[in-house]
Amino acid sequence: MRAPFDFVIEPKGNRYNNAKKVGEKNLILNTEIYNHQFVNREAIVKSIPTAFKTDIKPGDTIVTHHNVFRRWHDIKGKEKNSRSFFNENTYLVKEDQIFLYKRNKDWQALKGYCFVQPLKSKDKFNVEQERPLVGIIKYTDGSYEKEELIGFTPNSEYEFVIDGQRLYRVMTKFITIKYEYEGNEETYNPSWA
């Protein structure tokens with residue numbers, strides 16, 4: 001099946017990532033369907049759109065918007081699927097709902113986005129453990145090089161957990177400065193990620 005303007009995808013695993021293996025047992029972390037933090041974001045591409053060219057290919061793993069696999073309750077309390085739902089193993093998504101794709105074990109950001117790794121704060125008088133608005137580029141769309149130290153505008157970052165690492169998705173147009181990389185910057189990844 002191919003769609004003219006949509007990617008046809010299937011979830012990688014379940015729709016929700018709300019369980020964690022602890023020893024031999026599964027620990028359920030969340031039972032709510034509306035909490036976006038526990039919605040699965042990884043998917044496998046079944047087919048690409050016919051109307052335009054894209055770097056993404058069938059078989060690639062992608063990171064999607066949190067509402068793609070999410071269920072919700074309407075005003076009458078009925079449980080509903082997202083508008084991307086086609087059937088339990090097939091979803092249709094637009095290109096702007098995809099943020100990263102993986103091919104040959106390498107993640108690549110889509111045009112217009114970079115993924116930034118936050119840095120640990122060096123300020124011993126600050127209670128925040130993370131330096132605000134500064135990070136190291138982890139995945140790029142080609143506008144910047146990997147491992148560059150950059151600064152970005154306030155409220156332009158959106159949190160993702162990719163391969164157990166907390167990253168910020170930042171639109172490249174909101175990256176405002178490129179700092180000189182000193183080499184002693186320490187990345188910050190909280191234990192819950």
Qualifying residues under ring pair (Phe, Tyr, Trp, His ring centres under 6.0 Å), relative to F160, sequence neighbours excluded =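 For F160, the residues satisfying ring pair (Phe, Tyr, Trp, His ring centres under 6.0 Å) (neighbours in sequence not counted) are F99, F115, Y158.
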
Listed by chain and number, what are the ring pair (Phe, Tyr, Trp, His ring centres under 6.0 Å) partners of F69, not counting sequence neighbours?
-> Y91

To check you understand the geometry: which heavy-atom pair defines the closest contact between [X] and [Y], and what is its length?
X	Y	answer
Y188	L119	CB-C, 3.6 Å
I62	I56	CG2-CG2, 4.3 Å
S82	N67	CB-O, 3.0 Å
V63	I162	CG2-CD1, 3.9 Å
L149	E180	CD2-O, 3.8 Å
C114	I137	SG-CD1, 4.3 Å

Run the salt bridge (Lys or Arg N to Asp or Glu O under 4.0 Å) test against [X] and tell me which residues pass, sequence neighbours left out.
X	answer
K120	E186
E88	R15
K12	E42

Note, T172 side chain near F174 side chain (heavy atom, < 4.5 Å) | no

With side chains defined as the heavy atoms from C-beta onward, is the minimum distance between I98 and V45 less than 4.5 Å?
->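 Of all side-chain heavy-atom pairs linking V45 with I98, none is under 4.5 Å.
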
If the condition is side-chain hydrogen bond (donor to acceptor under 3.5 Å, both in side chains), which residues does [X] pass it with, not counting sequence neighbours?
X	answer
Y168	E130, R166
S156	T153
E24	none
D96	none

Just checking [X]: does its [atom1] atom have more than 12 heavy atoms from other residues, nucleotides or ligands closer to it than 6.0 angstrom?
X	atom1	result
K122	NZ	yes
N155	CG	no
K21	NZ	yes

Using the rule that two of Ile, Leu, Val, Met, Phe, Trp, Tyr join whenever any of their side-chain heavy atoms come within less than 4.5 Å, decide whether [X] and [Y] are in one cluster.
X	Y	result
I150	M171	yes
F5	I9	no
V39	I44	no
F85	F7	yes

Which distance, rounded to the nearest 0.5 Å, do you find between the NE2 of H73 and the NZ of K78?
->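 Result: 12.0 Å between the selected atoms.
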
Backbone N/O of [Y] and side chain of [X]: donor-acceptor pair under 3.5 Å:
X	Y	value
N87	T90	yes
D6	S84	no
N40	N14	yes
W72	N81	yes

Which other residues end up in the same hydrophobic cluster as V8, if Ile, Leu, Val, Met, Phe, Trp and Tyr are linked when side-chain heavy atoms come under 4.5 Å apart?
->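 The other cluster members (ILVMFWY side chains, heavy atoms under 4.5 Å, direct or chained) are M1, F86, L92.
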
Among residues two or more places apart or on two chains, list those pairs meeting salt bridge (charged side-chain N to carboxylate O under 4.0 Å, His left out) that have a residue in residues 131-157.
-> E148-K178

Can you run down the side-chain hydrogen bond (donor to acceptor under 3.5 Å, both in side chains) pairs that involve residues 47-61, sequence neighbours left out, and say none if there aren't any?
->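 As it turns out, the side-chain hydrogen bond (donor to acceptor under 3.5 Å, both in side chains) pairs with a partner in residues 47-61, which skip direct neighbours, are D60-R103.
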
